[in-house]
2 protein chains.
Amino acid sequence: MEFNKIAREESLSQKIEMQIRNAIRQNLFCPGDKLPGELELAQKFGVSRTAVREALRILSGRGLVNIQRGSGVYISEIDVASVVDPFYQLLEMKCGQVSQLHLIRVRKFIEPEIARLAATHCNDSDIDFLTINYAQMSDRAEKPEEMIDIDIQFHFRLAEATQNPIIPVIMQPIFQLLHKFIQATYKQSHAPDLALENHRKLMGCMRAHDPEAASQIMKTHMAQAEEHVLQYYKKHDIQITS
Amino acid sequence: MEFNKIAREESLSQKIEMQIRNAIRQNLFCPGDKLPGELELAQKFGVSRTAVREALRILSGRGLVNIQRGSGVYISEIDVASVVDPFYQLLEMKCGQVSQLHLIRVRKFIEPEIARLAATHCNDSDIDFLTINYAQMSDRAEKPEEMIDIDIQFHFRLAEATQNPIIPVIMQPIFQLLHKFIQATYKQSHAPDLALENHRKLMGCMRAHDPEAASQIMKTHMAQAEEHVLQYYKKHDIQITS
DNA sequence: ACCTTAAACTTGTATGACAACATACAGTAT
DNA sequence: ATACTGTATGTTGTCATACAAGTTTAAGGT
């Protein structure tokens, strides 16, 4: 016979953590607000400072509050990093080792659609950003390692420009992984030159709001990137698994 | 004159938390493993039990460890829920409300490519799973609410069958979000019937290893789903934002 | 071999004390 | 008046100790 498991009584600190978390969730506190001091909270909850502190630690682990020594505890605005970090960790764990090839093959079919959507929905602010981004990138034509960040920012902005909030959140961990691997292939042959050229063309498509062309160019961009990865693999005698 | 900024010393508990987290990250501990007791840790780190406890609380807040009173602290297997929960929260915050439309429009261009890759790389085990899954689904033709889980599992298996480990990890939060929304539209009109039919066809493509057909059918599948969402929106007078 | 019971171990909470840091305010020198 | 300085006060950080409460292990009796 199956009995319902007795709800194992939560610890005090868990109860307190839950209460504060719910309060935050219900927007009783706004990001940046300061929580009452530990002592005050302890008195309000009728528990010791210890219990309150542990609750606050848990909340800080969740990234919901920001504890500053000597000052106080503050509600932290929801940080993209705190969400993407575990996500990224999950990727890292699950994949054992993710290869550049896996990455580029995902981007290969996602990024063209991002470009297409971006060309449709991008606004002037996006175009301005991309313009500046392109200028920064071409300024560093001699220093490929400095281009990487800017390159990735370009793609991330496209993801944001789609006006679909799910897309940038999904792409962020992918770009984060990209950072890890791209350095190996980026310096290769004329990769930076080609990337620069592709970004220029993509910018044109954004300005013209031409989804079809944007998608096509991005496809080419990705195909070239894949080519560079494959060259790199061949050069270093790396087995292609999948 | 510029002086080097003194690296503001992290708190002890933060340092400890970092060390343990890195140890976990480097797979020095496996999920399910038991950490040394608080006292032992305190001695090893040369700090008080308090500091260790606070570090463990942070880790538990991050979802990396599972603290059991009277027993010990255990490395928790990476819990998808702990990753997806903040993910969902972020999306909720970022755009007020994530709509089904955002979701289906992402799936619309990702899933056909998943189907294409799956048709190429799927193995017998995948096909067996999908076969059973289809049978379970058609058994519940009368109970749409029970079909949802099975439906989503079908798509998730396709994601796994691509043999690209990044894809299922990215799709998981999307499917999780789907759970929350799909119930509204799933019962609509002949949605379950159409889904069943599409899954049958997709299965055929997997058996035949026909990527092009798989992609096409999935495209249709997603287009129909989008249609159902739009119908639902119209029915309930929901504004289409993007 | 099985059950019961007790001991040992582990985490949870409370209390008190002091250290380290931040902030605000008053005081001083320029 | 302004800028700097030191102090008072409030906050979080760490420590030590004690005990409560749960879990695990092992001893002991049946």
Side-chain angles (χ1 to χ4, degrees), chain A residues 3-21 23-24 29-77, chain B residues 1 3-21 23-24 29-76:
Chain A
F3 283 104
N4 288 337
K5 281 191 178 174
I6 304 280
R8 237 191 31 254
E9 200 161 331
E10 297 169 306
S11 65
L12 260 186
S13 44
Q14 278 178 327
K15 284 186 205 162
I16 296 170
E17 186 259 344
M18 192 67 103
Q19 281 205 40
I20 299 180
R21 195 173 51 171
I24 294 175
F29 298 100
C30 297
D33 278 4
K34 186 178 168 186
L35 253 65
E38 294 175 351
L39 211 77
E40 191 176 340
L41 283 175
Q43 288 171 352
K44 271 187 187 166
F45 284 113
V47 299
S48 75
R49 207 186 133 207
T50 309
V52 171
R53 281 183 63 76
E54 310 225 314
L56 292 176
R57 290 338 260 239
I58 298 175
L59 288 170
S60 109
R62 285 186 191 268
L64 292 182
V65 301
N66 186 354
I67 305 177
Q68 289 185 11
R69 175 178 191 159
S71 172
V73 181
Y74 301 86
I75 308 291
S76 60
E77 46 215 288
Chain B
M1 162 123 189
F3 283 103
N4 289 335
K5 277 188 182 174
I6 304 286
R8 222 181 57 245
E9 204 160 327
E10 297 169 302
S11 68
L12 261 185
S13 44
Q14 278 177 328
K15 283 187 207 162
I16 296 170
E17 186 260 343
M18 193 65 103
Q19 280 204 40
I20 298 179
R21 194 171 46 160
I24 295 175
F29 299 99
C30 297
D33 278 4
K34 186 178 168 187
L35 254 68
E38 293 175 351
L39 223 115
E40 191 177 339
L41 283 175
Q43 287 171 352
K44 271 187 187 165
F45 283 114
V47 299
S48 75
R49 206 185 134 205
T50 309
V52 171
R53 280 184 63 77
E54 310 225 313
L56 291 175
R57 291 338 264 238
I58 298 175
L59 287 170
S60 106
R62 285 184 190 270
L64 292 182
V65 301
N66 187 354
I67 305 178
Q68 289 185 13
R69 176 177 194 162
S71 172
V73 180
Y74 301 85
I75 307 292
S76 59

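Only a predicted model underlies this, so the values are computations on that prediction, with no experimental measurement involved.
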Problem - Comparing A/S71 and A/G46 on DNA chain C - which has the more 5′ nearest nucleotide - result: A/G46

Handout entry: Residue whose nearest DNA chain C nucleotide is more 5′ - A/Y74 or B/R49
Key = B/R49

Round to the nearest Å and state the distance from [X] atom [atom1] to [N] atom [atom2].
| X | N | atom1 | atom2 | value |
| --- | --- | --- | --- | --- |
| A/E38 | D/dT12 | CD | P | 4 Å |
| B/K15 | D/dT14 | NZ | P | 9 Å |
| B/L35 | C/dT11 | CG | P | 9 Å |
| A/R69 | C/dA20 | CZ | C1' | 4 Å |
| A/E17 | C/dT13 | CD | P | 12 Å |
| B/I16 | D/dG13 | CD1 | P | 13 Å |
| A/K34 | C/dT23 | NZ | P | 9 Å |
| A/L39 | C/dG16 | CG | C1' | 12 Å |

Exercise for the section: Answer yes or no: is there a side-chain heavy-atom contact under 4.5 Å between B/L35 and B/L56? Expected result: yes

Exercise for the section: Indicate yes or no for a side-chain donor-acceptor contact from B/S76 to the backbone of B/L64 under 3.5 Å, with no hydrogens or angles considered. Expected result: yes

Fill in the blank from the handout: Residue set satisfying side-chain hydrogen bond (donor to acceptor under 3.5 Å, both in side chains) with B/K15, at least two apart, ordered chain then number -> B/E9

Handout entry: Test item: side-chain donor near acceptor, B/S11 and A/R69, under 3.5 Å
Key = no

Practice task
Can you figure out which of C/dT15, D/dT11, C/dT11 approaches the side chain of B/R53 most closely?
Solution key: C/dT11

Problem - Touch class at under 4.0 angstrom, heavy-atom based, for A/I67 against every strand present - result: sugar-phosphate

Exercise for the section: Taking only the side-chain nitrogens and oxygens of A/T50, find out if one of them lies under 4.0 Å from OP1 or OP2 of C/dT13. Expected result: no

